[in-house]
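In this text the structure is predicted, and so the values were computed from the model without any measurement. Just so we're on the same page: letters track the sequence lines, and every chain starts at 1.
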Amino acid sequence: MTHEMRPKLLLIDGHSMAFRAFFALPVENFTTTTGVATNAVYGFVSMLISLIKEENPTHVCVAFDAPGPTFRTEQYPEYKGTREKTPEDFKHQIPLIAEVLHAMGITTLEKPVIEADDILATLASQGSEAGMDVLVCSGDRDTLQLVTQHVTVLYPRRGVSDLARMTPQAVREKYGVAPVNYPDIAALVGETSDNLPGVPGVGPKTAAKWITQFGDLDNLLAHADDIKGKVGESLRAHLQDVRRNRRLNRLLTDVELPAAVTDVTRKPWDRPELDRLFESLQFRTLRDRLNTIAVAGDDAPAQASGAAIGAQIVDNESISLAQWLGEEAAPFGLAIDGRGTPVNADAWSVAVGRADGEAVVVNLEESDPDQDASLRAWLADPAAPKVTHGIKWIDHALAARGMTLAGVTFDTELAEYLSRPDQRSYDLASIVETHLHVTIDSVDESGQGALDFDDGGANVGLASQSVAIARLAAQQGAQLADAHESALLADLELPVAEMLARMERAGVSVDIDLLRGLDEDFAATAAQCAQEAYDVIGHTVNLGSPKQLQEVLFGELDMPKTKKIKTGYTTDAAALAELFAKTQHPFLEHLLAYRDATKLRQTVQGLLKAVAADGKIHTTFQQTVAATGRLSSTEPNLQNIPVRTQAGRAIRRAFVAGSDFETLVTADYSQIEMRIMAHLSGDDALIEAFRSGEDLHNFVGSRVFGVSVDAVTPAMRSKIKAMSYGLAYGLSAFGLSKQLNIEVSEARSLMADYFERFGAVRDYLHRVVEEARQTGYTETILGRRRYLPDLNSDNRQRREMAERMALNAPIQGSAADIIKVAMLQVDRAINDLGIHSRVLLQIHDELVVEVAPGETEQVTKILREQMGSAASLSVPLDVSVGVGHSWFDAGH
DNA sequence: CCGTCGACGTA
DNA sequence: CGTACGTCGACGGG
């Protein structure tokens, strides 16, 4: 089935985009020799050219706000009342833009009393009805209410060239509600820039929650009395404001216009006029760019960039899904529209695509029972090979529909991460472009698909994604095999992803009351510290503002200057401690204590905010972020819960076993990085240190200082400890002297003594950098690579940075490999025994397990055995295990 | 409004 | 002038 070319209508809010352009481009760079500011014209026209080139619309219209009052200001005189008056340099640019548009054969519209957005809304609705694909380009979020399957809003993110494609999914993801309900949210939250106050205390989160709960604003307002708490009161006190906001943010779709939507086709250019205009505006490059786009009337419009991935959507009502899925042995690409979060996940439609271009899209909301059953069976079949892009995400979305995912043999996101671990993002569209040199139809910036329904109701964008994923896998698979990283994907990262999905969904139970108590305690401490600090200096100051602190410390109090940073002098904890040593000024003590308390409070508040409806915290583990192969944890980050100080560690009391469970067990590797160092370097002395069973730092200290193990003093031990760990990070003598507060010469001789005794460590560190410089990458014990092109940089700073990364990557990365293996082994052992305990968290060298009743002994045994055997190194892997009611109690 | 910076929590 | 992260508040340009 092919798709007929639908007419494409591009609608632009002239004022709003020109205004954005005005602020995005520095006026100094865009002034003609005669002193006329042209930055807004330049930015606007530049954006327009890109849009026309990329989207190739058949119809274009630019709407402007007419001068004078609008019907909104008539209803509410304060509307947009807080806006500063239009900058002088801007005003004259609007007519210039209009002139360029006319010369380009583009229709412009404005109408007294009506705003540009209302014109756009009217045309968008007409266009939709006429079967057009509509793009609305505006910096006014009110236009989001127009978004449908056929209407996409292009919303400027930065400047005017970076536009977010706001499809129904994108709106849902960003605001948590369907586009039609966006104005409901906006009415509740209010709009500062329009001078429309909302309900105090209600932000986008609360608003979205309410709208989801009550369906729409009217129903919410009808049940305003049911809303409990302070926000409920606040809502009832501002009902009128909300109603007014909603009245004002509704865009008109029935404005009488001089042109119908079918009239706004692209007309021929007036070449002489365009040349004259660009000449007088002194836009040389822009004129050249203009000539690269298709002129209206020319046939065969230029492709955006190469070809697009075409998918032939197989009409799933005319075939047997089961049969179609059985026809092909090669892996299918699997793409999903939905939400892949640990909680509130959902899946709306599923696309399954083949590398040859055929695809089936199943709408989960309305698929028939047979089809649903076939799809379920296929998804759950471990023998039916599938390729995903972001398997954990997909797993969550499907799980929300009670669907099991098995048989995923490849994941294009994880594959790309292994091939290029330093990338900032791995969105499907850009990977497809780099590997296949084609674009995907209708993929939004999240890479997770945009609706673009054709007449049959199937989803072209999603289908294209599934096809692209299938094609991508073949190419990446070869690349991965060349790098000997195929097993790393299949046997490590893929199963880890699946396990992480279960860990995230399980969540960790928290004692909310305990957290609330801590919050209050920390708040009280912070308030007291702040007051004491104010008393010392005789006035208040924002202790959280480094800028204001600098004024107090180095201005008022005239303290010695600390280390220089971009914005002046640092006020970090180390510097403040040093200042206190010098000045004994009590302000510093109070400030440091305040910092401690507020930091802890922030942590607690972050946790409280993250507690889901089930009373648990569900973090998200990021598997493709850390370049070394580690995981990271977000929303909230459960890998940086305090442990070092007593007050901080108390927060861990709030993490407890869930209701069907008995206790928590935590197991961690001791000194895993140093053990890896011993293994990789093959240093006999260091290996002996670990085999001897002596305390590592005492052992090393005894060799470095030439005394017996018993004679190593705590001071000696801490120096050794700092140095040992520093070495794995590429520490210099300078850095060591800084940290230990000793002379550089002393640090240097300490390092010399160290390497005298542990020479193979020095040789190894040297070797690893040199090899990486030759090959271009470092490798972990499982063959995970990190590419470091900067090792050959001419820039010393960059080169030395890369050298430290090269030192660290094999060590940190191997530790990451080992704990990932351990996770899988622990998971499997738990499964094999058929017991019900489960791993909840991974904190780089530690696993936290929730233990089902009566399983404590089995679990501790599994942890010791499986973590201990996750790798065979030339030194033992030492695991320490703790059991307790909370994470605090289990700690050791 | 959003990105960046400084600060600081973890391994 | 020690690696790898994430999050917060303040700030400043947009």
Side-chain angles (χ1 to χ4, degrees), chain A residues 19-26 43 139 141 155-160 162 191-193 421-422 542-550 563 565-576 592 595-596 598-607 609-610 619-622 625-645 648-649 651-652 668-669 671-673 722-739 744 747 786 796-797 800-813 815-816 819 841-846:
Chain A
F19 208 60
R20 291 268 180 164
F22 179 77
F23 281 111
L25 301 173
R141 274 188 303 280
Y155 184 80
R157 250 184 302 227
R158 261 196 329 252
V160 284
D162 184 9
E191 184 64 72
T192 336
S193 64
D422 280 276
N542 183 348
L543 297 174
S545 162
K547 191 165 163 264
Q548 294 183 32
L549 284 177
Q550 286 181 45
K563 191 176 69 178
I565 53 171
K566 280 180 196 166
T567 53
Y569 300 94
T570 183
T571 66
D572 68 21
L576 294 183
L592 282 166
R595 283 237 182 106
D596 278 345
T598 45
K599 178 75 184 175
L600 293 174
R601 182 161 187 235
Q602 275 179 16
T603 302
V604 170
Q605 289 181 324
L607 292 174
K609 261 180 39 192
T619 186
T620 298
F621 288 103
Q622 305 293 337
V625 166
T628 52
R630 274 191 176 179
L631 301 178
S632 72
S633 157
T634 61
E635 289 182 285
N637 181 355
L638 295 185
Q639 290 179 324
N640 72 343
I641 302 305
V643 68
R644 289 171 202 211
T645 66
R649 194 157 55 233
I651 297 174
R652 295 183 172 223
D668 66 53
Y669 285 118
Q671 297 136 349
I672 189 168
E673 296 198 345
M723 183 158 59
S724 290
Y725 278 101
L727 287 177
Y729 301 149
L731 187 69
S732 64
F734 179 89
L736 186 63
S737 73
K738 265 292 202 204
Q739 176 169 343
V744 179
R786 180 171 187 186
R796 198 180 88 164
Q797 194 168 336
E800 290 183 342
M801 182 70 172
E803 287 171 354
R804 290 191 295 274
M805 291 175 177
L807 288 180
N808 180 250
I811 299 170
Q812 190 183 115
I819 192 146
L841 300 176
Q842 186 252 51
I843 306 97
H844 308 307
D845 65 355
E846 172 185 6

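- With sequence neighbours excluded, the residues satisfying salt bridge (charged side-chain N to carboxylate O under 4.0 Å, His left out) with A:Arg796 are A:Glu800.
- Listed by chain and number, the residues in a side chain to side chain contact (heavy atoms under 4.5 Å, CB included) with A:Ala24 amount to none (sequence neighbours excluded).
- When the nucleotides C:dG6, C:dG2, C:dC11 are ranked by their closest atom to the side chain of A:Gln739, C:dG2 comes out on top.
- For A:Arg652, the salt bridge (charged side-chain N to carboxylate O under 4.0 Å, His left out) test picks out no residue, with sequence neighbours left out.
- Scanning for ring-ring contact (aromatic ring centres under 6.0 Å, His included) contacts around A:Tyr569 gives A:Phe554, with sequence neighbours left out.
- Between the CG atom of A:Leu607 and the P atom of C:dC8 there is a distance of 10 Å, rounded to whole Å.
- A:Ile811 has its CD1 atom 13 Å from the P atom of C:dT3, to the nearest Å.
- A:Leu549 has its CG atom 10 Å from the P atom of C:dC11, to the nearest Å.
- Counting to the nearest Å, the C1' atom of C:dT3 and the CZ atom of A:Arg786 are 9 Å from each other.
- Taking the ring centroids of A:Tyr729 and A:Tyr725, they lie at or beyond the 6.0 Å cut-off.
- Considering only side-chain N and O atoms, A:Ser732 lies under 4.0 angstrom from the phosphate OP1 or OP2 of C:dG2.
- In this structure, CZ of A:Arg157 is placed 23 Å from P of C:dG13, rounded to the nearest angstrom.
- Rounded to an integer number of Å, the gap from NZ of A:Lys738 to C1' of C:dT3 is 19 Å.
- Taking A:Arg630 as the reference, A:Glu673 meet the salt bridge (charged side-chain N to carboxylate O under 4.0 Å, His left out) condition, with sequence neighbours excluded.
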*For nucleotides 6-11 of chain B, read 5' to 3', which letter fits each nucleotide if B means a protein heavy atom sits under 4.0 Å from the base, S means only the sugar-phosphate is that close, and - means neither?*
SSBBSB
